[in-house]
Amino acid sequence: MKTCLVVDDSSVIRKVARRILEGLDFQIVEAENGEEAIESCKRQLPDAILLDWNMPKMDGYDFLRVLRRLPGGDGPKVVFCTTENDVAHIARALHAGANEYIMKPFDKDIVEAKFQEVGLI
Amino acid sequence: MTPLDYDYLRRCLKERSGLVLSADKQYLVESRLLPVARKSGFSSLGDLVHALRSGHDDVLMTAVVEAMTTNESFFFRDKIPFDHFRTIMIPALLASRRTSRTIRIWCAAASTGQEPYSLAMSLKAMERDLVGWRVEILATDLSSEVLEKARQGLYSQFEVQRGLPIQLLLQHFTQIGELWQIAPELRAMVKFRQFNLLGDFSQFGLFDVVFCRNVLIYFDQQTKIDVLSRLSRVMMNDGYLVLGAAETVVGLVDSFKVVPDNRGLYTPNVRRPPAAATAAKPGPRLVAVNGAR
Ligand SMILES: C[S@@+](CC[C@H](N)C(=O)[O-])C[C@H]1O[C@@H](n2cnc3c(N)ncnc32)[C@H](O)[C@@H]1O
């Protein structure tokens with residue numbers, strides 16, 4: 001079973017994401033912000049990371065840059081999932097090493113399509 | 001709407017578009033036709049059917065038929081057909097059409113344009129191999145409403161997230177408020193025309209690739225056979241036919257055979273006189289044809 005780390009400061013979003021991803025056969029780990037997510041990745045790297053942009057402490061963009069420098073940190077497929085839905089943010093995320101990008105609001109079909117896109121399903 | 005009204009509508013629909021509705025779909029018809037009735041100023045569906053029966057209002061009939069079509073589509077739907085397009089069809093055609101340097105593609109139920117634009121984006125990614133080639137994409141649909149949207153190439157955030165890789169979104173789309181519009185260059189690669197699959201295909205000339213996806217499922221067996229047989233006659237002998245994931249030629253016609261090891265990809269079964277293959281390809285005469293037969 002593949003693992004997915006869901007990083008979002010909103011517990012509602014984490015819950016929705018969990019439900020969708022569990023339905024796609026992922027085992028879920030949650031983090032509320034980038035710092036927690038880094039700690040989690042240091043303990044164990046997941047196969048996938050669903051990542052919000054705007055979070056207290058460390059935001060998604062900074063998290064991604066730190067993650068990609070960890071040993072093995074280029075492994076996880078990172079899918080941004082965020083309300084920052086303009087071209088500039090998308091380009092920045094891809095440049096920092098994101099594999100895919102979901103603009104909120106999202107639904108199961110979109111998550112499934114994007115995870116398929118990066119070869120997670 | 002009385003059961004008789006419903007029967008009448010089912011018959012019209014079948015005759016005009018090939019779409020078959022089972023007897024238990026009355027609720028679906030009602031929910032889709034209520035807006036049409038309201039827009040045309042009828043106080044009930046019964047009145048609308050009454051007006052249709054009088055037979056004078058072709059515009060109304062067209063609106064009714066269009067409202068009954070299912071237009072859902074996504075970019076790169078099912079993915080595999082587009083992989084086949086890139087890795088099998090185009091490479092084979094690049095070799096076999098060296099002389100004419102022309103490739104003709106038909107999306108026969110193009111809906112809101114995601115399918116032909118997915119092909120256009122795939123071709124764009126291969127443009128270096130296609131320098132000096134003429135590639136035509138003809139995209140047709142019964143419904144002029146969906147074609148209008150296709151021509152504009154404007155999609156919601158939801159639509160661009162289903163099947164479209166983010167890099168392609170950045171590369172080929174411009175953000176306009178809440179919407180995303182596909183680049184003029186890609187729009188110019190696709191010719192959209194209103195066309196009913198029950199109509200005569202021969203006006204279009206011969207095709208190298210036909211995408212006819214997720215439309216035959218709405219037809220009855222006889223109509224599927226009819227459309228598939230006629231498709232085989234407008235295809236080059238070494239052309240490719242792509243159907244939807246739930247569609248097949250197997251058990252319907254023997255004018256196509258499965259391309260080995262590639263489910264969902266078909267090529268004409270050449271047993272007819274080679275005339276079609278050797279004749280010069282007629283130029284594209286793209287004529288919009290009325291939805292009614
Ligand atoms: C579900 S969409 C398929 C779109 C696209 N090919 C895909 O697979 O995503 C089916 C389309 O077939 C069109 N259609 C239905 N009956 C037709 C007919 N008789 N001739 C041409 N198009 C038809 C509908 O208007 C609709 O846009």
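Quick note on labels: first sequence line is chain A, next is B, and so on, each numbered from 1.
Taking 4.0 Å as the cut-off between side-chain N and carboxylate O, A:Asp8 and A:Lys104 count as a salt-bridged pair.
Each of B:Arg162, B:Gln161, B:Gln157 has some count of heavy-atom pairs under 4.5 Å with chain A, and the biggest count is that of B:Gln161. Considering only heavy-atom pairs separated by less than 4.5 Å from chain A, the leading option among B:Leu169, B:Ile166, B:Val160, B:Thr174 is B:Ile166.
Contacts of A:Asp107 with chain B are made by side-chain atoms alone, with heavy-atom separations under 4.5 Å and no backbone atom involved.
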From CA spacing to verdict: ring pair (Phe, Tyr, Trp, His ring centres under 6.0 Å), A:Phe106, B:Phe158: CA-CA 8 Å; A:Phe106 60 94; B:Phe158 187 80; over 10 Å; no
B:Phe211 vs B:Tyr117, ring pair (Phe, Tyr, Trp, His ring centres under 6.0 Å): CA-CA, chis, key distance, verdict: CA-CA 12 Å; B:Phe211 273 61; B:Tyr117 286 139; over 10 Å; no
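The aromatic rings of A:His89 and A:Trp53 stand perpendicular to each other, their planes meeting at an angle above 60°, with 30° marking the opposite boundary.
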